[in-house]
Number of protein chains: 2
Amino acid sequence: MSKCDQCIVRQFNSLKHLSKEDLMRMSNCKTSKIIKKGEPIFEEGDYLNGVYCIKDGVCKISKMSENGKNQIINIIKRGDLIGERSLISEEVSNLNAIALEDMEVCFIPRDEIVRDLEKNPAFTMDILKTMASSLKNSDNLIVDMAQKSVKQRLAETLLKLQTKFGVNEIGAIDIQLSREDIANIIGTATESAIRLLSEFKKNKSIGFKGKNIIIINKNDLEKIANGF
Amino acid sequence: MSKCDQCIVRQFNSLKHLSKEDLMRMSNCKTSKIIKKGEPIFEEGDYLNGVYCIKDGVCKISKMSENGKNQIINIIKRGDLIGERSLISEEVSNLNAIALEDMEVCFIPRDEIVRDLEKNPAFTMDILKTMASSLKNSDNLIVDMAQKSVKQRLAETLLKLQTKFGVNEIGAIDIQLSREDIANIIGTATESAIRLLSEFKKNKSIGFKGKNIIIINKNDLEKIANGF
DNA sequence: TAGAAAATGTGACAAAAATCATATTTTATT
DNA sequence: AATAAAATATGATTTTTGTCACATTTTCTA
């Protein structure tokens, strides 16, 4: 069993505020899991009863609309914590978390962490800060979804993805998403996403190399994203 | 100066967890304000430095998109607390709060409340719960905005408004919104909102009486909202 | 490695929604 | 009460986006 107090990943999320003793205790009750690409960490309707600390890999957080279409709300990476809301209210999850690549995650049971919420103000404050920041992000996303065109949203999404995941050896956005995933992030039909990507490529704003997307002209995309 | 510990409105929000002493202290530092219809409580770019407790009236929380269009994210009513995020992070507001009718609000300075955040776990937990619930709402709204048609969103919005604000003496949704406000809630052009309202009226799903909107056939609207 | 399945790409068309123009009604102001 | 201003309404048109059909390429699997 690996030791939480020696885990680097912890430094990136609220767990960094826990004491050495708390972490030791956590090491004893946490469970590590390997999640294969395409498999869920959890799904809509599941009782989470704890949080997941992402040790490695990337997953998409999504939700089905009443129309039967899938919407990706967020993409989560190494170091992030998911399922915090299960600590606060005991409802079932309204979201899916599906691995976009092979992942290594640690599950920490609710009861173990709730104690810290009650006793460790620095930890609680950090959770609050994370939530406040998510809320701000969500507000922005609502406005974008409601007011921006699909083309604007695609340009913005490409820029955001590059900011969040950086570029790989060949200068491409360092995350593998299918065209369908991209469509589900911007909230459009897969065909529309493909068409616009082709258009961006034709205009030399982006380029493809295998599955990779390379942003060639960032300025172009910024202009499009802001409505010019 | 009115006494916070005798204020009924407090019962509806996180402030209900404060002790009598805390409330006495709060009474001494809070300021009451009358906000006229159409005037802002705060605007994008303002430093809030505290929270507002809505004693009476209704306001819209909105945000400008980069396209220059206005999006209403939420509608706040008596008993709600707004500006909680200013307690947690010291950035400027990214949102506007504009009165939809004459309002009475109390401003409680940040420093006064932050103490309670540090010392009163029940209060902190309640803020956390409120945020968790807002976050869930936001997730749902993102999915709706991204995946539902304008018609679906309008039907859903009318139903939500009735649930939230109830009906008045004549059976109409008990909130006064301009057509433009409605359009800004669902994220569409004012003309489109008007056209769809007319369509709903023609189909006898809703009726108008002066400025009032009456839901005649709830079932119809539910069907439309869910995509049938 | 052949064949099936899935993902990507493109065209044609339909539907949804935005925009612009203008008319009518309501509300505010003097 | 008369006028101006704002809000509401509707038509015509254009733009955006979705849908369906199908071709091609890539990936998976036996």
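Chain letters run A, B, ... following the sequence lines, proteins first, then strands; residues in each count from 1.
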Task: Side-chain heavy atoms of Cys53(B) within contact of Arg10(B), under 4.5 Å - done: no
Open item on the list: Is it the case that the base of dG18(D) and the side chain of Arg195(A) share a donor-acceptor contact (distance under 3.5 Å, atom types as modelled)?
Closed with: no
Task: side-chain contact (heavy atoms from CB on, under 4.5 Å) partner of Asn212(B), the single match among Ile175(B), Ile173(B), Asn168(B) - done: Asn168(B)
Task: N or O in side chain of Lys151(B) less than 4.0 angstrom from dA15(C) OP1/OP2 - done: no
- [ ] Return the nearest nucleotide to the side chain of Ile194(A); candidates are dT17(D), dT8(D), dT10(C).
- [x] dT10(C)
TODO: Select one nucleotide: of dT8(C), dT17(D), dT8(D), the one nearest the side-chain heavy atoms of Lys211(A).
DONE: dT8(C)
Task: Side chain of Ser198(A) (C-beta onward), nearest among dT10(C), dT26(D), dT17(D) - done: dT10(C)
Task: Earlier contact from the 5' end, DNA chain C, for Lys148(B) and Leu197(A) - done: Leu197(A)
Open item on the list: Check this one for me: any side-chain N or O of Ser192(A) less than 4.0 Å away from OP1 or OP2 of dG18(D)?
Closed with: yes
- [ ] Nearest-nucleotide wise, let me know which of Ala146(A) and Phe208(A) is further upstream toward the 5' end of DNA chain C.
- [x] Phe208(A)
Task: Gap between atoms NZ and P, on Lys202(B) and dT10(D) respectively (whole Å) - done: 9 Å
TODO: Looking only at side-chain atoms of Glu191(B), point me to the closest of dA17(C), dA21(C), dT10(C).
DONE: dA21(C)
Open item on the list: What is the distance, to the nearest angstrom, from the CG atom on Leu196(A) to the P atom on dG18(D)?
Closed with: 9 Å
- [ ] Please report, rounded to the nearest Å, how far the C1' atom of dA18(C) is from the CG atom of Asn67(B).
- [x] 12 Å
Task: Check against side chain to side chain contact (heavy atoms under 4.5 Å, CB included), Gln147(A) and Gln152(A) - done: CA-CA 10 Å; Gln147(A) 303 281 10; Gln152(A) 284 181 292; over 6 Å; no
Open item on the list: Measure CG/Leu154(B) against C1'/dA16(C) and give the value in whole Å, please.
Closed with: 14 Å
- [ ] Give the rounded distance in Å between these two atoms: CZ of Arg179(B) and P of dT27(C).
- [x] 11 Å
Open item on the list: Checking contacts here: which listed nucleotide (dT26(C), dA18(C), dC20(D)) is nearest the side-chain heavy atoms of Ala189(B)?
Closed with: dA18(C)
- [ ] Give the rounded distance in Å between these two atoms: CD1 of Ile182(A) and C1' of dG9(C).
- [x] 14 Å
Open item on the list: What is the separation between atom CD on Gln152(A) and atom C1' on dT17(D), rounded to the nearest whole Å?
Closed with: 14 Å
Task: Separation of dA16(C) C1' from Arg153(B) CZ (nearest whole Å) - done: 11 Å
Open item on the list: Whether the side chain of Gln71(B) engages the backbone of Ile185(B) through a donor-acceptor N/O pair (distance < 3.5 Å, no angle test) should be reported.
Closed with: yes
Task: Pairwise 5' ranking along DNA chain D for Lys37(A) and Glu180(B), keeping only the more 5' one - done: Glu180(B)
Task: Worked verdict on Ser62(A) versus Asn184(A) for side chain to side chain contact (heavy atoms under 4.5 Å, CB included) - done: CA-CA 9 Å; Ser62(A) 68; Asn184(A) 290 347; over 6 Å; no
TODO: Kindly say if Thr188(A) contacts the phosphate of dT17(D), meaning a side-chain N or O under 4.0 Å from OP1 or OP2.
DONE: no
